[in-house]
Amino acid sequence: MPIHGLAPSTRPVYPPHFHIEAVIRPNILDLHPYRCARDDYQSGILLDANENALGPSIPSSLLDREDGYLDLHRYPDPAQSAIKTRIANLRKLPGSEYIFLGVGSDEVLDLLMRVCCTPGKDKVLITPPTYGMYSVCGQVNDVALVKVPLVVEAGAFQLDLPKMKRALESDPLIKMVFLCSPGNPTGTLIPISDIKEVLELPSFHGIVVVDEAYVDFAGDGTSACALVEKYANLCVMQTLSKSFGLAGIRLGIALAQPPLIQVLSNTKAPYNISAPSARLALSALSEEALALMRQKVATLIASRARLLEDLKELQSLSLAPAIGGNHANFLLVPVLNPTTGKPDSPRAQKIYSRMAEKEGVVIRYRGNEYGCEGCLRITVGSEEENNALIERLRFTMTSI
Ligand SMILES: Cc1ncc(COP(=O)(O)O)c(C=O)c1O
C-alpha cells in the first residue's frame, strides 16, 4: 500500500530488506494527509479557516512591555498554573485543577481519545456534519466511529436524541460522544438541555465532550462550562484560536472535573506548551486583553449580521439564504442550480476555485459534508474583507 501524500520516487531503498509499509500500523498507513483550503491557497483574503479577522486580542501596550527576559534556554513551566487560574476565573470554575492545556484543541482531542479508548476495541460517537478532526483522530488511534447524523432538515442541525439514545444503549463499546457547539460547519448551538439529556443517560457510561471552539461568538449563557461542576462525565474543549485571535500560538483547553484533568496531565508530554505561547496566552487572559477580546467579538458579531444581509442581495444569482443558527464567526451558504433551484455542489466547487484563483478570496467548499449539499463556508472577515467578498462573489456568480 502506498504512503498517501508521498511523491513517487525511484530512489532505491537501502537496506533492501527494509519495507516501511510492513512496519507502520495498517490504520496509520491508511491515513490521507489532512487537507484544508490553505494547502492550496495561502494568500489573498483568507476567509477559509474561521480565524479571527481582527487579529490577536493582546493590546500592543502589553506586547511591547515584555516584562523581563524570556528564558528560552530553560524548559517551560510544565504546569502553567497561572494561565489555568486565569481560565478558571474567566469560565467561572473553582480553580486550576479544572483546566488542562494542550497544543491546540487538536492535541486535547487526541489525548482524550487515547486516555479513554482502547485501540481496535472501543468506539466514539460523532454527529455529522461535524469537525473533521474527530474522524482523523479516530483513525489515528484505531477507534471506530459510530455516526448519528444531526437532524439537517431546513438547516436545523440539531441532535437526533432518540437515535443517539438507541445507539448508546445498544453499543456499550462507545466510550465518548463528541458534540460540537456551535458546530463546525453548521454554526449552530446545541441547547444546554439536549447536552444534559446525553449526560444523564443511564445507559451511557462514557464521557461527553463538548467542543466549544466558537462559543464566545454565541453570546452569554450558551456554554456547557456551567455544567462542569455538576457532571463528572463532561469535558468541555475550548481554544484561544478563534475569539482570542491566537491560532498561531496553538493553545487548546479542556475544562472538566479534577479526576479527568489529572489523567490528561499524567499522559501529556511534560513541556507541551512552549514558553513563547505561554507568555502570549497569559497576556491574552489579562483583564485588559479580555476587554479587547470582547470588543473584537462584538465587532465580528455585528459584521456577521451585516454579511448575512449583504449575502441576501446575491439570492437573485442563485445563492440561498445562510443555513444553520449563525452562532459562530462563519456562515454556511448553499449555492443553487439556476435552472432547478436545488443545491448544486459542482457549481459551489467551481465558485470556490474561481474565487481563490481569480479573485484572491479563499473560502471553504463544504458541499461534500452530510446535509451541506452545495454549501460554501465563509469566515466573517473585517469590514473591508466582507465588502470585497460580496463584490467578488457577485462577479463570480454572474459567470458560473
Ligand atoms: C470545532 C473546532 N474545534 C477545534 C478546532 C481546532 O482548534 P485549535 O486551533 O485549538 O486546534 C477547530 C478549528 O477550526 C474547530 O473548528
Side-chain angles (χ1 to χ4, degrees), residues 32 35-41 43-50 127-132 135 147-158 160 180 182-188 303-381 384-400:
H32 287 260
R35 282 198 72 76
C36 52
R38 213 59 67 83
D39 288 307
D40 298 322
Y41 311 110
S43 59
I45 298 179
L46 299 174
L47 303 178
D48 56 310
N50 306 336
T127 62
T130 193
Y131 182 45
S135 314
K147 297 182 184 176
V148 180
L150 297 174
V151 176
V152 298
E153 279 69 34
F157 295 127
Q158 288 303 319
D160 190 336
C180 191
N184 176 7
T186 68
T188 305
S303 300
R304 179 177 72 196
R306 259 195 309 278
L307 187 58
L308 265 173
E309 282 307 303
D310 292 348
L311 285 168
K312 282 188 190 154
E313 287 172 22
L314 304 187
Q315 282 176 21
S316 58
L317 298 171
S318 295
L319 190 72
I323 55 175
N326 307 317
H327 299 128
N329 66 334
F330 56 85
L331 301 174
L332 190 64
V333 271
V335 170
L336 306 177
N337 182 293
T339 315
T340 64
K342 296 254 163 50
D344 184 339
S345 290
R347 183 171 185 237
Q349 202 156 20
K350 270 191 217 147
I351 291 170
Y352 158 74
S353 307
R354 184 85 65 91
M355 283 289 281
E357 285 160 24
K358 297 265 190 317
E359 301 300 324
V361 180
V362 187
I363 53 180
R364 192 104 199 249
Y365 170 69
R366 295 281 79 184
N368 292 338
E369 302 292 312
Y370 178 81
C372 301
E373 207 184 343
C375 279
L376 297 172
R377 193 193 68 194
I378 304 173
T379 307
V380 177
E384 306 79 67
E385 287 173 331
N386 294 339
N387 291 340
L389 165 91
I390 293 291
E391 189 187 307
R392 297 178 203 182
L393 192 55
R394 179 182 288 116
F395 176 75
T396 303
M397 292 195 74
T398 333
S399 53
I400 291 181

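Keep in mind that this is a model prediction, so the values were computed, not measured.
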Ignoring hydrogens and geometry, is there a side-chain-to-backbone donor-acceptor pair from R392 to M355 under 3.5 Å? no
Taking the side chain as every heavy atom from C-beta outward, state whether L389 and D310 have any pair of such atoms under 4.5 Å apart. no
Kindly compute the distance separating OG1 (T396) from CD (E357), expressed to the nearest 0.5 Å. 11.5 Å
So do E153 and V151 actually touch side chain to side chain, heavy atoms under 4.5 Å? yes
Any side-chain heavy atom of Y41 sitting closer than 4.5 Å to one from D48? no
Among L47, L307, L376, side-chain contact (heavy atoms from CB on, under 4.5 Å) partner for L331: L307
Please report the C-alpha distance between R347 and M397 in whole Å, then the side-chain angles of each, then the deciding distance to 0.1 Å, and finally whether the side chain to side chain contact (heavy atoms under 4.5 Å, CB included) criterion is met. CA-CA 9 Å; R347 183 171 185 237; M397 292 195 74; 3.8 Å; yes
Does a side-chain heavy-atom distance below 4.5 Å link R38 with L46? yes
Salt bridge between K312 and E309, side-chain N to carboxylate O under 4.0 Å? yes
Parallel, tilted or perpendicular, as decided by the 30° and 60° cut-offs, for the rings of Y352 and Y365: tilted
Where do R377 and N184 land on the side-chain hydrogen bond (donor to acceptor under 3.5 Å, both in side chains) test, with the steps shown first? CA-CA 9 Å; R377 193 193 68 194; N184 176 7; 2.8 Å; yes
Pair I400, R354 - check side chain to side chain contact (heavy atoms under 4.5 Å, CB included), show working. CA-CA 9 Å; I400 291 181; R354 184 85 65 91; 3.6 Å; yes
Any P321 side-chain heavy atom under 4.5 Å of Q315 side chain: yes
